[in-house]
Each structure stands twice: as C-alpha cells, then as structure tokens.
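Start at 1 with the first residue, then count along the sequence.
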Amino acid sequence: MGFVNLLTMAKRFSGIIAILLLLRLTTASASHEFCDAGMGYNVVGCGGSDSSSRRILIKGGTVVNAHHQEVADVYIDDGIIADVKPNIKKSHLQVGDEVAVIDATGKFVMPGGIDPHTHLEMEFMGTDSTETIDDFFSGQAAALAGGTTMHIDFVMPVNGSLSLGFKAYVEKAKKSCMDYGFHMTITKWDDTVAREMEIMVKEKGINSFKFFLAYKGIVMINDELLLEGLKKCKSLGALAMVHAENGDAVFEGQKRMIELGITGPEGHALSRPPLLEAEATARAIRLAGFINTPLYIVHVMSIDAMEEIAKARKLGLSFKTLN
C-alpha cells in the first residue's frame with residue numbers, strides 16, 4: 001500500500017474515531033467530567049439538548065459490520081441502534097426535529113471496539129499504597145478517544161472475598177463514562193469462595209474467572225486450587241481464564257537477576273524466558289482437558305506458548321487466546 005493510500009486511510013480513520021467519540025459522549029450520562037474539563041461535545045449538561053442526545057441519525061457513511069460494508073444511514077434511539085439502511089428520512093422517524101443529524105459522508109461508521117482485558121484502578125501486586133495509574137474515568141476516556149467503547153475489567157478480591165471485591169469495584173466504576181463488564185480473579189480456595197462464585201454467576205452477571213499461575217506469594221495459585229477452580233467453572237458454565245507463567249521458576253529467575261546485578265527493565269524479560277510460559281500454558285491446557293472444560297489463555301507472549309495452544313487446537317480441544 002502506497003503512502004498516499006495510507007494517508008487517505010489515516011484521514012478516514014480519524015473520521016471514524018470522531019464519530020465513535022461523538023456517539024459515546026452524546027449518549028453516555030454516567031459522568032460529566034468531560035464538561036468539567038471544558039470539552040465542548042454538546043453533551044447533556046454541557047449546554048447540549050437532551051432530546052438530541054437521545055436520537056441520532058448518521059447519514060451517508062460507509063457502515064462496516066462483521067459480515068459486509070455498505071453505504072447506509074444509522075438511526076440511534078436512546079443509545080440503541082434502531083435501524084441501519086440507506087436513505088433514512090427524518091420525516092419517517094416520527095420524532096420531528098428532535099433528531100440530531102450527523103453527516104458521515106466519506107467516513108466509516110463502525111461498531112466501537114471491545115477490550116476484554118483491563119486493570120483499571122487496581123491495587124498493584126497486592127499492595128494498598130500503589131494502584132494502576134488510570135481509573136474508571138481516565139482510562140475509559142482514553143479508550144473512547146481511540147474508538148473503544150466497552151471493556152471488561154478484572155475484579156480483584158478483597159482479603160480473598162469475591163463479594164467484597166465486587167462491591168469495591170462497583171464503587172470504583174461509578175465514575176465510568178462508557179460501557180463495561182467484569183471478570184473475577186480467584187486468589188484462594190475454600191467453601192466460601194466456591195459459594196461466592198455461584199453468586200457472581202447467578203446474581204451479578206459475571207461468568208468468567210481468572211487464575212494466576214504467576215506472581216508467587218501475591219496472587220499465584222497452585223495446581224490443586226486451579227483444579228478446584230476449573231471444576232467449579234465447569235459446573236457453573238463459566239469460562240476459566242489463566243495467566244500462564246511458571247511462578248516458582250520466574251521467582252528463581254528474579255533472584256538470579258538480582259544476584260547478577262541486573263535490575264533494569266531488561267531483567268524482567270530475562271527472568272522469565274519463553275520456556276516458562278510454554279510450560280505453564282501446556283500444564284493449564286492439560287489440566288483443563290482433564291476436567292473437560294474450556295480455557296482462555298490470556299496475553300500469550302511467546303511462540304513457545306502459542307505452539308502449545310496450536311497443538312491443543314489440532315487435538316480439537318476448546319481454547320481461546322488473546323495476544
């Protein structure tokens with residue numbers, strides 16, 4: 001693809017982002033921090049019209065869906081896509097002048113992205129004093145600027161309690177400005193955790209649980225706990241997720257780096273060579289196969305791990321991956 005074509009695509013992509021951001025900001029009512037920041041996007045509460053925020057007609061854009069693309073109009077009623085077809089007339093909508101019209105001629109109109117793996121406002125590595133830098137507003141605002149309109153964050157238990165963790169994350173998410181969902185992390189195992197997993201699935205809408213085979217002494221679990229978690233996920237129809245690195249071996253690698261005086265960023269990679277990810281990936285796959293339940297291997301980082309997943313898929317096992 002030549003430079004001119006790349007430049008043209010870049011201009012059109014900027015148009016996509018502008019439309020996605022405008023749509024999100026004109027339909028979201030969870031936060032007015034955009035107003036406070038002086039960002040004039042005609043949001044309700046920033047001087048915008050309440051009626052126009054609920055009904056939007058996007059005219060003349062190239063609508064891109066999973067199966068095809070076509071030049072069409074998109075009508076949105078109270079945040080819900082009500083119709084997608086060519087030449088929708090305002091007069092046909094029976095809502096009079098309450099419709100805000102956006103001219104998308106020459107631009108792509110496409111669904112917002114979904115990021116299934118985020119850690120907003122997370123207490124880092126089990127400490128109370130350090131959190132990930134972005135919270136549920138700043139992280140979401142950045143995502144919206146890039147065209148991502150929904151994400152799934154990981155609820156970390158509080159002192160091992162899933163219920164307390166869920167309550168804490170619901171509170172954190174009150175400042176949200178876009179759609180979100182939750183996964184749940186399992187860091188210990190007992191009868192209480194097993195019961196709480198049922199509550200999360202049946203009452204809270206969480207149907208995916210993550211297990212760390214890394215981060216020894218913090219959130220890492222052993223094979224016995226993983227087996228219990230896999231069995232519970234199977235019984236609940238929930239999806240098991242695994243961060244696959246051999247935490248014991250990585251801990252040994254970290255000690256080696258310190259002994260060698262390698263304390264810069266390069267020590268991170270050197271302490272966990274690909275074979276340690278491959279070993280944990282293969283182990284998780286085999287244990288999930290033993291329990292006969294699907295497995296989601298998150299953030300695959302090496303060819304070695306990918307080869308283990310490829311082997312499993314050739315055998316017809318059910319696995320999902322996220323690079």
Exercise. Is a side-chain N or O of Asp135 found less than 3.5 angstrom from the main chain of Phe137, in a donor-acceptor match?
Worked result: yes

Counting N and O atoms only, with roles assigned by atom type, does the side chain of Arg313 sit under 3.5 Å from a partner on the main chain of Ile309, one being a donor and the other an acceptor? no

With a 4.0 Å cut-off, would you call Glu228 and Lys231 a salt bridge? yes

Query raised in the report: Using 4.0 Å as the upper bound for N to carboxylate O, is an ion pair formed by Lys232 and Glu198?
Result: yes

**Prompt:** How are the rings of Phe136 and His151 set to each other: parallel, tilted or perpendicular (split at 30° and 60°)?
**Reply:** tilted

Neighbour count above 12 (heavy atom, 6.0 Å) for Ile303 CD1:
no

Residue pairs passing the ring-ring contact (aromatic ring centres under 6.0 Å, His included) test with at least one member in residues 258-293, sequence neighbours excluded, are none

- Task: Just do the ring-ring contact (aromatic ring centres under 6.0 Å, His included) check on Phe211 and Phe209 with the steps written out, would you?
- Result: CA-CA 7 Å; Phe211 304 87; Phe209 297 89; 7.5 Å; no

*Would you find a donor on one side and an acceptor on the other, under 3.5 Å apart, between the side chain of Thr281 and the backbone of Glu277?*
yes

**Request:** State plainly whether the residues Asp73 and Lys59 are in salt-bridge range, i.e. N to O under 4.0 Å.
**Result:** yes

**Asked** Between Lys175 and Glu121, is the closest basic N to carboxylate O distance under 4.0 Å?
**Response** yes

message: Regarding Arg283 and Glu279, does a basic nitrogen lie under 4.0 Å from an acidic carboxylate oxygen?
response: yes

- Task: Please state whether the rings of His119 and His117 are parallel, tilted or perpendicular, taking 30° and 60° as the class boundaries.
- Result: perpendicular

message: Classify the ring geometry of His243 against Phe212: parallel below 30°, tilted from 30° to 60°, perpendicular beyond 60°.
response: tilted

